[in-house]
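The structure presented is a predicted model; accordingly, all values stated were derived computationally and were not measured.
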Amino acid sequence: MAGPALDLDLLRSFVSVIEAGGFTRAGERVHRTQSTVSQQIRRLEETFGRPLLHRNGKHVTPTEEGERLLSYARRILSLAEEARDVVARPASDGVVRLGIPEDFAANRLTTVLSKFARSRPGLRLDVRCDLSVKLCSDLERGELDLALMKRDAGGTGAIATWRENLNWVTSRSRPVDPHRNPVPLAVFPQGCLYRNRAIHAIETAGRTWHIAYTSPNFAGIQAAVSAGLGVSILPESAILADHQVLRAKDGFAPISNTELALVLSPDAGAAARCLGELLADFCDAASPRAVA
């Protein structure tokens with residue numbers, strides 16, 4: 001039997017308490033008194049039948065259950081806001097939901113997106129950055145209208161694809177011993193295409209490995225490699241001056257290339273298709289298009 005429906009006001013207060021780190025500042029955010037916010041959190045805890053916050057004086061932190069609820073609460077509140085916007089706006093307006101990998105030409109791409117948004121003031125542009133495996137899942141579930149995703153070369157179903165050349169890299173000033181075993185890896189979280197490629201390549205070579213550093217973004221991986229904490233796989237666009245490329249002579253076989261794919265949802269509207277054309281032009285200028 002389904003439990004009671006979740007109250008959006010309670011979820012909003014819950015998220016505010018965690019982000020603000022306490023009840024007083026959270027109350028200022030949601031325009032409630034401290035006691036009202038505290039009562040709302042208790043009601044939410046009663047709904048789930050377990051504590052969601054560790055209370056330490058004026059400072060609060062989420063319990064394990066609270067951390068799990070937090071991501072769902074943010075998504076629920078975001079979807080609720082999106083639904084209100086879509087229903088309240090005229091039929092000619094709408095939302096275009098775009099997913100992009102965290103590293104892809106962020107500065108230049110945001111300029112393109114800004115121009116697109118300004119050209120359509122009645123349109124809401126919702127952009128999310130994430131691992132490609134997550135973007136692919138969101139697209140399949142209908143949570144995105146189009147996405148730029150990293151994937152194995154040769155896939156199908158994309159508007160266009162662009163080659164991405166990958167290299168093994170280590171620190172130029174503090175290089176990892178290329179013959180060290182196990183090989184220390186600086187990688188993205190589980191599910192990342194680069195992580196999978198690195199582990200597979202090491203194991204295929206008959207060597208062992210261990211995860212020395214994990215980061216969800218390129219800046220963290222680049223810094224770890226520069227500091228000599230581990231080797232990693234990076235696209236040419238992400239290799240820094242203080243990185244050194246490792247070759248087959250160093251014991252690191254070439255990595256088969258990946259591709260950047262622009263994929264459009266079958267249900268995407270005219271605005272999303274227009275944005276897709278702009279992104280295709282942008283990618284064409286940034287990288288050679290893959291040959292079909």
J.: Distance-only, no hydrogens or angles: does the T170 side chain make a donor-acceptor pair with backbone N or O of V176 under 3.5 Å?
T.: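 Looks like yes, one N/O pair under 3.5 Å.
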
J.: Quick one: CG on L11 to CG on L8, what's the gap to the nearest 0.5 Å?
T.: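 With rounding to 0.5 Å, CG (L11) is 6.0 Å from CG (L8).
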
J.: Rounded to the nearest 0.5 Å, what's the gap from CG on L166 to OH on Y194? Could you check?
T.: 5.5 Å

J.: I'd like to know if the side chain of D7 reaches the main chain of D9, judged simply by a donor and an acceptor atom lying under 3.5 Å from each other, with no hydrogens or angles considered.
T.: yes

J.: Among residues at least two apart in sequence or on other chains, which ones pass side-chain hydrogen bond (donor to acceptor under 3.5 Å, both in side chains) with S35?
T.: T33

J.: Could you pull out all residues at least two apart from R120 that satisfy salt bridge (Lys or Arg N to Asp or Glu O under 4.0 Å)?
T.: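 Salt bridge (Lys or Arg N to Asp or Glu O under 4.0 Å) list for R120, sorted by chain: empty.
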
J.: Determine, stepwise, if the pair F116 / L98 fulfils side chain to side chain contact (heavy atoms under 4.5 Å, CB included).
T.: CA-CA 12 Å; F116 174 77; L98 168 67; over 6 Å; no

J.: Between S16 and R12, is any side-chain donor less than 3.5 angstrom from a side-chain acceptor?
T.: no

J.: Under the side-chain contact (heavy atoms from CB on, under 4.5 Å) test, which residues partner H54, sequence neighbours left out?
T.: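 Listed in chain order: T61, T63.
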
J.: Report all side-chain donor-acceptor pairs from residues 263-271 shorter than 3.5 Å, counting only partners two or more places apart or in another chain.
T.:
{"unit_1": "S265", "atom_1": "OG", "unit_2": "D267", "atom_2": "N", "d": "3.2"}

J.: Quick check on the hydrophobic clustering: are L144 and L148 connected, directly or via other members, by side-chain heavy-atom contacts under 4.5 Å?
T.: no

J.: Kindly write out the residues that satisfy side-chain contact (heavy atoms from CB on, under 4.5 Å) with E19, not counting sequence neighbours, or none if the list is empty.
T.: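 Applying side-chain contact (heavy atoms from CB on, under 4.5 Å) to E19 gives V15, R29, R74.
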
J.: Do L146 and V133 belong together in a cluster built from hydrophobic side chains that touch within less than 4.5 Å?
T.: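 Different hydrophobic clusters.
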
J.: So, E164 side chain and P235 main chain: donor-acceptor pair closer than 3.5 Å or not?
T.: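 Checked: no pair found.
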
J.: Taking all non-hydrogen atoms of both residues, which atom of L125 and which atom of A117 are closest, and how far apart?
T.: CD2-CB, 4.3 Å

J.: Does any N or O in the side chain of S13 come within less than 3.5 Å of the main-chain N or O of L10, such that one atom is a donor and the other an acceptor?
T.: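 Pair absent, no side-chain N/O of S13 close to backbone of L10.
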
J.: Any chance you could measure I239, atom CD1, to Q244, atom CD, to the nearest 0.5 Å?
T.: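 Going from the CD1 atom of I239 to the CD atom of Q244 covers 11.0 Å.
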
J.: Is there a donor-acceptor contact under 3.5 Å from the side chain of R97 to the main chain of A272?
T.: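 Side chain of R97 to backbone of A272: no pair is present.
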
J.: Let me confirm one number: the NZ-CG distance from K150 to L260, rounded to the nearest 0.5 Å.
T.: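 These two atoms lie 6.5 Å from each other.
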
J.: Which value, rounded to the nearest 0.5 Å, describes the distance between L275 atom CG and L278 atom CG?
T.: 6.0 Å

J.: Rounded to the nearest 0.5 Å, what separation is found between the CG atom of L279 and the SG atom of C274?
T.: 9.5 Å

J.: Please list all pairs meeting salt bridge (Lys or Arg N to Asp or Glu O under 4.0 Å) that have one or both residues in residues 131-142, counting only residues at least two apart or in different chains.
T.: R128-D138, K134-D138, D138-R141, R141-E143

J.: Donor-acceptor pair, Q34 side chain versus G27 backbone, under 3.5 Å?
T.: no

J.: Listing request: all salt bridge (Lys or Arg N to Asp or Glu O under 4.0 Å) pairs with a residue in residues 188-209, at least two apart in sequence or in separate chains.
T.: D152-R197

J.: Which residues pass the ring pair (Phe, Tyr, Trp, His ring centres under 6.0 Å) test with F188, not counting sequence neighbours?
T.: F218

J.: Does E46 come within less than 4.0 Å of R42, counting only side-chain N to carboxylate O?
T.: no

J.: Quick one: do L234 and L185 end up in the same hydrophobic cluster if we chain Ile, Leu, Val, Met, Phe, Trp and Tyr together by side-chain heavy atoms under 4.5 Å apart?
T.: yes

J.: Only pairs at least two apart or in different chains count here, so list each salt bridge (Lys or Arg N to Asp or Glu O under 4.0 Å) that has a residue in residues 233-252.
T.: none

J.: Side chains of R118 and S114: any donor to acceptor distance under 3.5 Å?
T.: yes

J.: Hey, any chance Y72 and L44 share a hydrophobic cluster, counting ILVMFWY side chains that come within less than 4.5 Å of each other, even indirectly?
T.: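 No, no single cluster joins them.
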
J.: Mind listing the closest non-hydrogen atom pair of P189 and P216 along with its distance?
T.: CD-CA, 3.8 Å

J.: What's the shortest heavy-atom distance between L131 and C192, and which atoms?
T.: CD2-CB, 4.2 Å

J.: Of all heavy-atom pairs between V225 and A186, which one has the smallest distance, and what is that distance?
T.: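 Of all heavy-atom pairs spanning V225 and A186, the closest is CG2-CB, 4.3 Å.
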
J.: Please answer: with hydrophobic residues joined when any side-chain heavy atoms are less than 4.5 Å apart, are L69 and I41 in the same cluster?
T.: yes

J.: Specify the closest pair of heavy atoms between A238 and Q222, including all atoms of both residues, with the distance to one decimal.
T.: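 Smallest interatomic distance, heavy atoms only, reads O-NE2, 2.7 Å.
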
J.: Who passes side-chain contact (heavy atoms from CB on, under 4.5 Å) against S215, sequence neighbours left out?
T.: Y213, N217, I221

J.: For F252, check ring pair (Phe, Tyr, Trp, His ring centres under 6.0 Å) against everything at least two apart and list the hits.
T.: W168

J.: Set out, in order, the CA-CA distance, both residues' side-chain angles and the distance that settles salt bridge (charged side-chain N to carboxylate O under 4.0 Å, His left out) for E277 and R273, then state yes or no.
T.: CA-CA 6 Å; E277 293 175 0; R273 295 179 184 278; over 6 Å; no

J.: Ignoring hydrogens, what is the shortest heavy-atom contact between A201 and I255? Give both atom names and the distance.
T.: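 Taking A201 first and I255 second, the nearest heavy atoms are CB-CD1, 3.7 Å.
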
J.: Identify which one of R174, H243, R172 satisfies the side chain to side chain donor-acceptor pair (under 3.5 Å) criterion when paired with S226.
T.: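 In the set R174, H243, R172, the residue that makes a side chain to side chain donor-acceptor pair (under 3.5 Å) with S226 is H243.
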
J.: Going by the rule side-chain contact (heavy atoms from CB on, under 4.5 Å), which residues pair with A223 if we only count those two or more places apart in sequence or in a different chain?
T.: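 Expected list: none.
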
